[in-house]
Amino acid sequence: MKATQLLLSLALFGGYCAAYAADYEVPGRWPTEKAEAWYALQPWLVGCNYIPAHAINQLEMWQAETFDPQAIEKELALAQSIGFNSLRIFLHDLVWEVDPAGLYGRMERFLALCDAHGIRPLFVFFDDCHRPLPKLGKQPLPVPAYHNSGWMNSPARDVATAYANGTASERDQARLKGYVQETMRHFKDDPRILMWDLYNEPGRGDTLEPGLNEKGEQAPFGDKSAKLLLDVWRWAREVNPSQPLTSCADGSVGKQNIAIGLANSDILSFHNYNSPEKLEADCVRFTKMGRPVLCTEYMARPNSTFAGSLPILKKHKIGAYNWGFVAGKTGCIWPWSSRKGKNVDHLRKTGVVCDDITKLPEPEIWFHELFRPDHSPYRPEEVEFIRQITKENRAK
């Protein structure tokens, strides 16, 4: 991004002065011309934030004992059938820590399945959303009627806090750097991978024992994530993968986190769960920044819908990744507000859990997701709409 465009972008997100911009720039960003040339070679990117229905979080998706390529293959075939050509996939540092080679083997298997179905994923390394203290091993059962009762921070919130304070152990610092760099080096020239998304929504929730506000959200971690986020950008640029890099702007919490994403992303990305009018405004704002753009999260009924969002994103040539696919353990058919006033740990201790995803309750209006566990569509007209708007992709 040219200096004038960068300063304009920063002004739009909080009025930063020129002195700040230099602090956030990491050498190695793709020139605008390279980013545009890369994007011109892609079809219109349409897909979802994907986790298998049988997995409650990133750990359950990727751990050896619960990785299920047969179930994943069926869901990827379903994604291909409606015109999805890309998926956003979350990794987890703890899975890498105990068995990097095993994780890479499972990623290779996953990539082969994606390739067979014409799908190119973008992988996400870190995430500040939801549960703060991940643990390896058997993952918790879902709490019914509770949005994302088991999704885990990466890194754990105590590690993230220590990193922000400059007190992280040498072991944790080396582990997080190794997770990013060794993973990238292993796949840096793999054409099956679309992109790397370095950090999902840095600055979200800020408590070790989540106390929720009136929206059912943790208090924000904010720019405490900025030190790690900036270091992740440095680590990634040292590897210099063939694939482009991003970290989201809108969707992050904290002016520094937003500015770091804007100053360094090869392909800009943002999140929008709002009305079509607000999505249109965001699309205009981001496209004026002079780089290709992805909307890596959208669609939260009833305000944000496929019919309301996809035509706008397609018009602006912005990649579109809704949250969720097949309803399952994450419980994302329930809204964020379903967490309000509930203590998920207490509910689990008292046995308010479900061990069969086919028996999980449904709200009248689903928040996220497209299909039931048996792969029947929640709203057949939505699925048909997606098939029609992606028809040109499937014809190529």
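Any value given below was found using the heavy atoms of this structure, including those in side chains, with hydrogens, waters and symmetry copies removed.
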Donor-acceptor side-chain pairing of R106 and Q63 below 3.5 angstrom: no
Is a salt bridge present between E60 and K329, judged by a nitrogen-to-oxygen distance below 4.0 Å? yes
Answer yes or no: is there an ion pair linking K74 with D68, defined by an N-O contact shorter than 4.0 Å? no
Name the residue from K315, H316, K288 that meets the side-chain contact (heavy atoms from CB on, under 4.5 Å) definition with C283. H316
Taking only residues two or more places apart in sequence or in another chain, which ones pass side-chain contact (heavy atoms from CB on, under 4.5 Å) with A236? M184, L198, L245
What pairs of donor and acceptor atoms, side-chain ones from residues 88-95 against any protein atom, are under 3.5 angstrom apart with sequence neighbours left out?
unit_1: R88; atom_1: NE; unit_2: D197; atom_2: OD2; d: 2.9
unit_1: R88; atom_1: NH1; unit_2: N49; atom_2: OD1; d: 2.7
unit_1: R88; atom_1: NH1; unit_2: N200; atom_2: OD1; d: 3.4
unit_1: R88; atom_1: NH1; unit_2: E297; atom_2: OE2; d: 3.1
unit_1: R88; atom_1: NH2; unit_2: D197; atom_2: OD2; d: 2.9
unit_1: R88; atom_1: NH2; unit_2: N200; atom_2: OD1; d: 2.7
unit_1: H92; atom_1: ND1; unit_2: L94; atom_2: N; d: 3.1
unit_1: H92; atom_1: NE2; unit_2: N153; atom_2: O; d: 2.8
unit_1: D93; atom_1: OD1; unit_2: S154; atom_2: OG; d: 2.5
unit_1: D93; atom_1: OD2; unit_2: R175; atom_2: NH1; d: 2.4

Has Q139 got a side-chain atom pairing as donor or acceptor with G137's backbone, closer than 3.5 angstrom? yes
Could you tell me which residues satisfy side-chain contact (heavy atoms from CB on, under 4.5 Å) with L141, sequence neighbours excluded, listed by chain and number? V353, D355
So, taking the atom named CE in M107 and the one named CZ in F110, what distance separates them when rounded to the nearest 0.5 Å? 9.0 Å
Classify the side-chain pair Y199/N257 by whether it contains a donor and acceptor separated by less than 3.5 Å. no
Which residues, ordered by chain and number, are linked to L41 in its hydrophobic cluster, where ILVMFWY side chains connect at heavy-atom gaps below 4.5 Å, directly or through other members? none
Polar side-chain atom of D223 near backbone of Q256 as donor-acceptor pair, under 3.5 Å: yes
Using salt bridge (Lys or Arg N to Asp or Glu O under 4.0 Å), reason through D172 and K177 one step at a time and then give a plain yes or no. CA-CA 8 Å; D172 277 336; K177 182 177 181 179; over 6 Å; no
Given side-chain hydrogen bond (donor to acceptor under 3.5 Å, both in side chains), test T167 with N165 step by step and report yes or no. CA-CA 5 Å; T167 58; N165 295 337; 4.8 Å; no
Which of T305, N274, L310 passes side-chain contact (heavy atoms from CB on, under 4.5 Å) with Y298? It is L310
Going by an N to O cut-off under 4.0 Å, is there a salt bridge joining E97 and R171? yes
Do F270 and F286 pass the ring-ring contact (aromatic ring centres under 6.0 Å, His included) test, and can you show the C-alpha distance, the side-chain angles, and the key distance before you say yes or no? CA-CA 9 Å; F270 72 100; F286 276 94; 4.6 Å; yes
Short N-O contact, E182 and R185, less than 4.0 angstrom: no
Specify the closest pair of heavy atoms between W336 and H147, including all atoms of both residues, with the distance to one decimal. CD1-NE2, 3.4 Å
Report the residue from L87, L194, T183, L111 that forms a side-chain contact (heavy atoms from CB on, under 4.5 Å) with F123. L111
Which pair of heavy atoms, one from A300 and one from H368, lies closest together, and at what distance? CB-CE1, 3.8 Å
For residues N148 and T330, is any side-chain donor paired with an opposing acceptor at under 3.5 Å? no
Quickly, which of W323, W151, W62 forms a side-chain contact (heavy atoms from CB on, under 4.5 Å) with I51? Name it, please. W151
D374: which residues meet the side-chain hydrogen bond (donor to acceptor under 3.5 Å, both in side chains) condition with it, sequence neighbours left out? S376
By side-chain contact (heavy atoms from CB on, under 4.5 Å) - contacts of K317 (at least two apart): none
With distance as the sole test, does R204 use its side chain to make a donor-acceptor pair with the main-chain N or O of G251 at under 3.5 Å? yes
Run the ring-centre check on F371 versus F325 and record whether the distance is less than 6.0 Å. yes
Between E382 and R301, is there a side-chain N and carboxylate O pair less than 4.0 Å apart? yes
Can you give me the closest heavy-atom contact between T246 and L268, atom names plus distance? OG1-C, 4.0 Å
Are side-chain N/O atoms of R348 and S149 paired as donor and acceptor at under 3.5 Å? yes
For the student: nearest non-hydrogen atoms of V26 and R237, plus distance: CG1-CG, 3.7 Å
Test salt bridge (Lys or Arg N to Asp or Glu O under 4.0 Å) on R120 and D190; report intermediate values, then the result. CA-CA 11 Å; R120 296 176 70 203; D190 195 323; over 6 Å; no
For H271 and T296, test the side chains for any donor-to-acceptor distance below 3.5 angstrom and give the result as yes or no. yes
Excluding sequence neighbours, so at least two apart, what forms side-chain hydrogen bond (donor to acceptor under 3.5 Å, both in side chains) with W38? none
Is it true that E33 and R291 have a side-chain N and a carboxylate O under 4.0 angstrom from each other? no
To the nearest 0.5 Å, how far apart are CD in Q388 and CZ in F385? 9.5 Å
Which residues share a side-chain contact (heavy atoms from CB on, under 4.5 Å) with P69, sequence neighbours left out: F67, R109, L113
Regarding R372 and E362, does a basic nitrogen lie under 4.0 Å from an acidic carboxylate oxygen? yes
Lys/Arg-Asp/Glu bridge criterion (N-O < 4.0 Å) met for D250, K278: no
Measuring centre to centre across the rings, with the benzene-like ring taken for any Trp, is W44 within less than 6.0 Å of Y39? no
With Q173, which residues qualify under side-chain hydrogen bond (donor to acceptor under 3.5 Å, both in side chains), at least two apart? none
Looking only at atom types and distance, does a side-chain atom of D158 sit under 3.5 Å from a main-chain N or O of L133, one as donor and one as acceptor? no
Do any pairs count as a side chain to side chain donor-acceptor pair (under 3.5 Å) and have a residue in residues 227-236, sequence neighbours left out, and if so which ones? Y163-D231, D231-R234, W233-S247
With F125, the side-chain contact (heavy atoms from CB on, under 4.5 Å) member among V180, V232, L176: V180
Start with the C-alpha gap between N303 and S275, add the side-chain angles, then the distance that decides, and say whether side-chain hydrogen bond (donor to acceptor under 3.5 Å, both in side chains) holds. CA-CA 5 Å; N303 293 326; S275 66; over 6 Å; no
Nearest heavy-atom approach of P377 to V383 is CB-CG2, 3.5 Å
For W196 and F187, take the angle between the two ring planes, folded into 0 to 90°, and tell me which bin it lands in: parallel under 30, tilted 30 to 60, perpendicular over 60. tilted
Tracing side-chain contacts under 4.5 Å among Ile, Leu, Val, Met, Phe, Trp and Tyr outward from I333 reaches W334, I365, W366, Y378
S242: which residues meet the side-chain hydrogen bond (donor to acceptor under 3.5 Å, both in side chains) condition with it, sequence neighbours left out? none
